[in-house]
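Taking it in order: structure first as structure tokens, then the write-up.
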Protein chains: 2
Amino acid sequence: MEKSLLQQARASYVPKLPIALRGAVGIKEGAPTQSADNQEEIKTLFPNTYGMPLIEFVAAEKSDAAAMNVGVILSGGQAPGGHNVITGLFDTIKKLNPENRLFGFILGPGGLVSHNYMEITADFIEDYRNTGGFDMIGSGRTKLEETEQFEKGLEIIRKLDIKALVIIGGDDSNTNACVLAEYYAAKQYGVQVIGCPKTIDGDLKNSQIETSFGFDTATKTYSELIGNIERDCNSARKYWHFIKLMGRSASHIALECALQCQPNICIVSEEVEAKDMTLNEIVEQICTSVAYRAANGDNFGVVLIPEGLIEFVPAIGRLIAELNDLLAAHGADYKDLDADAQRQYIISHLSDANKATFETLPADVARQLSLDRDPHGNVQVSLIETEKLISEMCAAKLKQWAAEGKYTGKFAAQHHFFGYEGRCATPSNFDADYCYALGTSAAQLIANGKTGYMAVVKNTTAPVEEWQAGGVPITMMMNMERRNGQMKPVIRKALVELDGAPFKAFAAVRDTWAKETCYVYPGPIQYWGPSEVCDRPTMTLILEHK
Amino acid sequence: MEKSLLQQARASYVPKLPIALRGAVGIKEGAPTQSADNQEEIKTLFPNTYGMPLIEFVAAEKSDAAAMNVGVILSGGQAPGGHNVITGLFDTIKKLNPENRLFGFILGPGGLVSHNYMEITADFIEDYRNTGGFDMIGSGRTKLEETEQFEKGLEIIRKLDIKALVIIGGDDSNTNACVLAEYYAAKQYGVQVIGCPKTIDGDLKNSQIETSFGFDTATKTYSELIGNIERDCNSARKYWHFIKLMGRSASHIALECALQCQPNICIVSEEVEAKDMTLNEIVEQICTSVAYRAANGDNFGVVLIPEGLIEFVPAIGRLIAELNDLLAAHGADYKDLDADAQRQYIISHLSDANKATFETLPADVARQLSLDRDPHGNVQVSLIETEKLISEMCAAKLKQWAAEGKYTGKFAAQHHFFGYEGRCATPSNFDADYCYALGTSAAQLIANGKTGYMAVVKNTTAPVEEWQAGGVPITMMMNMERRNGQMKPVIRKALVELDGAPFKAFAAVRDTWAKETCYVYPGPIQYWGPSEVCDRPTMTLILEHK
């Protein structure tokens with residue numbers, strides 16, 4: 001593997017650890033816990049892993065050193081720091097007992113089921129210290145949900161004499177980790193399952209999880225690019241840049257980037273939903289800024305748009321729901337019509353409210369909604385280029401305003417979508433330290449015989465030595481939610497809270513940003529240099545823990 | 001102006017200067033120079049600025065300290081380091097004589113003509129040290145070509161008692177700087193004009209100019225993103241990423257990023273042109289890599305595409321030329337036809353060879369070529385999403401190969417275009433130092449009474465103290481070329497040379513990259529930390545000066 005100069009230099013970085021994890025580690029147990037909601041149902045579903053106490057690690061005289069092999073799985077989308085979770089896990093189990101072995105399942109949870117694995121050795125792991133990506137063992141999106149999968153996995157677990165699995169994933173993967181922990185506990189297989197909170201989207205957090213790993217590095221990488229574009233925008237003074245940011249379920253990424261970069265506009269999907277805003281109202285909000293700035297001679301600006309916006313616009317959501325039903329019911333005869341006839345067909349069958357929404361959409365978006373259902377019969381929203389949709393609607397609105405004498409500027413747009421650019425970035429010092437501590441915590445939870453726990457690290461806005469590491473019963477974060485028509489126990493997804501500190505900080509200043517040019521240019525992530533530059537957490541984390 | 005933490009920390013960076021520029025500066029003149037070609041014509045066109053000697057700065061006892069005011073202009077597209085040229089210029093003229101004043105013309109050359117300017121003061125300039133962007137005074141694309149503009153500019157030059165103008169721009173802007181220098185010299189106005197080599201595209205270089213500023217930072221920023229995408233690609237193992245990179249005239253950016261990141265494929269427009277390659281041959285080259293890798297289970301990869309590719313494909317170039325003539329001649333009646341009729345019209349009027357090319361194009365690209373002429377009657381090539389065009393053609397080709405049993409993999413594509421992400425990045429140490437030295441050199445050329453020169457800094461692969469600063473007569477870099485139907489004296493644009501060291505280094509290994517996964521992940525630009533990480537020049541520069 002040929003390494004860049006930065007990789008070579010970065011390989012020798014030694015992640016900082018919280019004090020309690022530096023030497024021998026003991027545990028302090030709290031009182032029994034309750035699930036976030038639907039306590040009776042969750043308790044019934046998880047009789048063996050419900051109600052366990054919170055765990056905090058503390059310095060101890062000596063650690064338990066029973067020999068044990070461990071398996072690790074990367075699940076779902078890439079997030080910076082995954083490799084450091086594994087190096088933290090590896091270093092700790094080897095420290096506990098040099099005979100301990102670590103096995104990685106290849107390409108995600110599917111590797112457990114298909115018995116596709118490799119041993120992670122000391123030599124092998126060296127190349128991956130403090131690197132981005134999940135390429136060490138690959139990742140995948142197979143969901144571990146079925147008894148057959150659990151039993152198939154057990155075969156290889158037995159063969160490799162694995163005591164515990166560590167599953168590194170988002171809310172769904174951790175929910176499934178808990179289901180698997182419960183299953184193995186109920187069967188008294190003696191196999192532990194530990195989760196780790198991963199996702200750049202930032203939507204896996206709650207009273208126990210301060211942040212999911214990868215959010216720090218990914219948002220800093222996107223903010224570097226947004227800042228660069230803002231500076232270009234403010235130099236050329238002739239374009240409005242519409243920037244879509246990854247994050248389909250929640251707008252944490254867009255909000256964090258807004259707090260870092262201070263663009264003219266940032267749309268927050270959760271606000272759109274809460275205020276029942278239409279696409280037209282969003283467009284008018286942007287155009288109001290465009291027109292105000294144009295009157296001052298500023299025919300330029302930057303707009304941030306969360307990837308999932310379209311689905312949060314209630315009117316569009318209702319339209320999509322009716323379209324899904326309509327096309328599912330009449331798909332076959334509909335399919336043979338030409339595009340115009342399909343449009344007419346849809347218009348003549350939709351309810352009045354949804355028809356009105358459909359007719360206000362630009363032709364290509366309306367067409368997209370009329371096509372291409374995924375295998376589950378859902379419209380493929382991710383194929384809609386929301387950033388272009390919004391900017392085209394703004395152009396049309398501004399043309400109308402110009403005709404009405406309400407606007408006299410020039411409007412030219414550029415479009416960007418950032419996602420893959422940040423998911424595998426070299427982890428920031430924060431993520432490098434945080435992930436290494438999570439891996440270390442996971443190892444200690446295993447050594448202490450725990451299952452159905454997620455490794456956690458708290459107090460992360462303080463210096464690393466003051467961080468508090470421990471474990472949280474996954475059932476504690478659960479409630480019942482409807483998924484694919486069934487009520488299921490799931491970890492509650494954290495959306496942007498409109499009365500939370502990050503959104504309130506944004507809301508307090510956004511009117512100024514919309515009118516003036518308040519851009520801040522964060523620049524690229526730094527690994528060496530002044531600590532205030534290299535070690536700062538996200539604005540979201542700082543504001544939430546002020 | 002609210003500043004990011006990086007900006008605050010970076011403000012105190014003191015650019016390193018070549019030894020000869022650190023104290024008092026003297027000049028050493030070489031022999032008279034000749035233009036690159038067409039010596040007689042260039043000499044006739046530039047009687048007052050032709051044949052001047054090369055200048056090298058040397059340490060001296062004391063500098064000339066005659067009072068002088070200077071004007072500065074940023075011309076054309078943004079490039080990292082422009083602000084450092086201005087700070088180098090400012091610091092040097094103030095050091096020469098604290099009474100000296102620096103004026104910035106606002107929003108590019110147009111500011112000179114419209115008398116839109118500001119004085120750049122010590123307080124004001126502090127906010128811009130070592131920052132990206134051209135927002136200090138803005139930039140613009142007005143071309144200074146007409147006598148009327150020169151005379152209008154002279155009015156404000158006289159009013160502000162300006163002794164010299166510094167024009168920071170690309171090949172065209174420096175050509176125009178030379179024309180202006182010649183004009184003011186011929187008129188004996190006593191106004192000097194000095195150029196500075198700027199462009200991220202890297203196509204302003206020759207025996208005298210080692211690199212244009214901004215190329216270093218921009219290519220490192222793009223390489224950070226490409227490396228991140230490669231790592232994602234190598235983790236998820238399910239997408240081919242098609243990445244278009246800014247740079248319409250030359251492929252230096254794509255080639256440099258390829259040398260830094262080792263993607264599977266990098267198309268070099270100059271090679272496509274030299275080998276008279278068709279779009280189909282390019283697509284087959286990519287598909288051969290896709291199929292080879294698929295046979296090994298690697299259904300993923302990364303392809304770099306230079307923005308200007310389409311225009312370099314000779315067959316497309318010939319088609320576009322004929323289409324331009326065809327639509328210019330028959331535009332009016334053609335305009336009223338519907339899309340199908342337009343297509344038929346074109347097919348029935350094209351020559352056989354161009355018709356064949358036209359018919360192989362995907363429908364939307366063919367349509368784009370049939371529409372939207374710019375005000376000069378040219379097709380708007382930049383509106384063609386080349387990265388999508390190529391990937392769609394690859395998908396079609398692979399489908400055909402699959403039907404023929406020659407390919408059995410899965411092909412899914414993602415698309416990216418990077419340009420605005422890097423043009424205003426915070427300058428790397430290299431660009432921060434290089435630009436500050438260029439600004440210092442410009443000031444010294446002015447103090448020594450020179451006009452029609454470009455500031456240059458050589459030996460840039462050595463440590464900064466060994467860099468050699470000086471000036472080059474702009475006429476020395478000129479030849480006659482046809483522009484808009486007329487022969488004009490211009491600075492020869494530097495394209496990628498197929499027998500040059502960077503391309504040869506790439507060509508020697510690309511077959512391996514196409515088959516194996518040889519990705520390198522450069523990571524973000526670092527300003528502090530190990531010198532080999534922070535101060536390395538581009539691969540292009542290293543290879544060209546080995």
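Since we're looking at a predicted model, the values are computed, not measured. The chains referred to below are lettered A, B, ... by the order of the sequence lines, with proteins before strands, and numbering in each begins at 1.
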Proximal component of [X], with respect to chain A [non-hydrogen, under 4.5 Å]:
X        : result
B/His415 : neither
B/Leu74  : neither
B/Arg141 : side chain
B/Gln78  : side chain
B/Ala236 : both
B/Gln260 : neither
B/Glu230 : neither
B/Tyr519 : backbone

Part of A/Arg536 lying under 4.5 Å from any heavy atom of chain B
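When you check distances to chain B, only side chain atoms of A/Arg536 fall under 4.5 Å.
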Backbone N or O of A/Val520 within a donor-acceptor pair of the B/Ser4 side chain at under 3.5 Å?
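No, because the side chain of B/Ser4 does not come within donor-acceptor range (under 3.5 Å) of the backbone of A/Val520.
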Determine the option with the most heavy-atom pairs under 4.5 angstrom with chain A, choosing from [options].
options                               : value
B/Cys534, B/Gly523, B/Pro522, B/Pro80 : B/Pro522
B/Leu6, B/Ile226, B/Asp232, B/Val533  : B/Asp232
B/Lys3, B/Gln262, B/Met1              : B/Gln262

Which one wins on heavy-atom pair count under 4.5 Å against chain B: A/Tyr420, A/Phe134, A/Tyr521?
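Of A/Tyr420, A/Phe134, A/Tyr521, A/Tyr420 has the most heavy-atom pairs under 4.5 Å with chain B.
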Identify, with sequence neighbours excluded, every residue that meets salt bridge (charged side-chain N to carboxylate O under 4.0 Å, His left out) alongside B/Arg248.
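Salt bridge (charged side-chain N to carboxylate O under 4.0 Å, His left out) check on B/Arg248 returns B/Glu311.
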Sequence-distant partners of B/Glu387, salt bridge (charged side-chain N to carboxylate O under 4.0 Å, His left out), two or more places apart:
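Checked B/Glu387 against salt bridge (charged side-chain N to carboxylate O under 4.0 Å, His left out); matches are B/Lys244.
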Select all residues of residues 422-429 of chain B having any heavy atom within less than 4.5 Å of some heavy atom of chain A, and report them by number, or 'none'.
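Within residues 422-429 of chain B, the residues that come under 4.5 Å of chain A (heavy atoms only) are B/Arg423, B/Cys424, B/Ala425, B/Thr426.
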Strictly less than 4.5 Å between heavy atoms, which residues of residues 215-223 of chain B line up against chain A? Please order them by number.
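So the qualifying residues are B/Thr221.
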So that I can tick it off, tell me whether A/Lys388 and B/Glu385 are bridged by a salt bridge, with the cut-off set at under 4.0 angstrom between side-chain N and carboxylate O.
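Yes.
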